[in-house]
> 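Quick one: the structure is below, and I'll ask about it shortly.
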Amino acid sequence: QVQLVESGGGLVHPGGSLRLSCAASGRSFTNSAMAWFRQTPGKEREFVAGLKRGMGTTYAAGPVKGRFTVSRGNDKNPAYLQMNNLKPEDTAVYYCAATSGSPIVSSLGLASTWEYWGQGTQVTVSS
C-alpha cells in the first residue's frame, strides 16, 4: 500500500520557520514529481510548491515565492518544504502529493494531477 505521511507542522510565531517532511512507503518516489498543497476550512486545496520529475526543477506559488523552498530528499523522505518568514495567512493544513507521471508546468497546480496524497499536517502561524 502506497502511503505518504507529512510531519513537521506545528504552531509558530509570525516570522518563524518550519520544515515539513514527506515520508513515503509502499513504492519509491525518488526522482518523481512531488508537490505541496495547503487547505483552509471552506476553501479549495491550493498549490504551494512543486518539483518536476527527474532534474527536479522547482516551482512556487506567488504568495510563498521567496519564502518557501521545496526540495528533493531521499527514498524514505522524497520531499521537504522549508518555510521561512511565516505569516498568519500561511495557516493551513499542508499536504504532500506525488505522481508517477511527468506533469507539465501548467498542470502542477491542479489537484487532479496528483495520484498520491498524504493525510496532511497542521501549520498554525499566530502570535
> If we only count heavy atoms from C-beta on, is the T69 to Y80 side-chain gap below 4.5 Å?
no
> Do P78 and S32 come within less than 4.5 Å of each other through their side chains, counting heavy atoms only?
no
> Taking D90 for the side chain and K87 for the main chain, is one N or O donor matched with an acceptor at less than 3.5 Å?
yes
> Looking only at heavy atoms, what is the nearest atom pair of T113 and P103, with distance?
CG2-CB, 3.5 Å
> Between V93 and L81, is there a shared hydrophobic cluster once you connect ILVMFWY residues whose side-chain heavy atoms come closer than 4.5 Å?
no
> Taking side chain as C-beta onward, heavy atoms only, is S100 less than 4.5 Å from E115?
yes
> What's the separation between atom CZ in F37 and atom CD in E44, rounded to the nearest 0.5 Å?
11.0 Å
> Looking at every heavy atom in both Q119 and V5, which two are closest together, and how far apart are they?
OE1-CA, 3.7 Å
> What are the two closest non-hydrogen atoms of N84 and Q82, and how far apart are they?
OD1-NE2, 2.9 Å
> Test your reading of the model: is there a side-chain donor-acceptor pair from W114 to the backbone of L108, 3.5 Å cut-off?
yes
> To the nearest 0.5 angstrom, please state how far the CZ atom of R72 sits from the CE atom of M34.
8.0 Å
> Here's one to test your reading of the geometry: is the NZ or CZ of R45 within 45 degrees of the ring axis of Y95 and under 6.0 Å from its centre?
yes
> For S127 and H13, indicate whether the former's side chain and the latter's backbone hold a donor-acceptor pair under 3.5 Å.
no
> Would the distance check show the side chain of T91 and the main-chain N or O of V125 forming a donor-acceptor pair, the cut-off being under 3.5 Å?
yes
> Between R38 and P63, is there a side-chain heavy-atom distance shorter than 4.5 Å?
yes
> Answer yes if the side chains of T30 and D75 hold a donor-acceptor pair under 3.5 Å, and no otherwise.
yes
> With a 4.5 Å heavy-atom cut-off, do W117 and C96 have their side chains touching?
no
> Can you measure from CZ (F29) to OH (Y116) and round to the nearest 0.5 angstrom?
5.5 Å
> To the closest 0.5 Å, what do you measure between CG (N85) and CZ (R67)?
6.0 Å
> Just how far is it from atom CG of L86 to atom OG1 of T124, taken to the nearest 0.5 Å?
10.5 Å
> Check whether V105 and F47 end up in the same hydrophobic cluster, where Ile, Leu, Val, Met, Phe, Trp and Tyr are linked by side-chain heavy atoms less than 4.5 Å apart.
yes
> Side-chain contact test, heavy atoms from C-beta onward, threshold under 4.5 Å: evaluate it for Y94 versus Q39 and give yes or no.
no
> Given side chain to side chain contact (heavy atoms under 4.5 Å, CB included), test T57 with L51 step by step and report yes or no.
CA-CA 6 Å; T57 306; L51 278 163; over 6 Å; no
> Report yes if the side chains of S126 and L11 come closer than 4.5 Å at any heavy-atom pair, otherwise no.
yes
> What is the minimum heavy-atom distance between V123 and G9, and which atoms define it?
CG2-CA, 4.1 Å
> Would you say that L18 contacts F68 through its side chain, given a criterion of any heavy-atom pair below 4.5 Å between the two side chains?
no
> Out of curiosity, N77 CG to L20 CG, how far, rounded to the nearest 0.5 Å?
12.0 Å
> For residues A24 and L4, report the shortest heavy-atom separation together with the two atoms involved.
CB-CD2, 3.8 Å
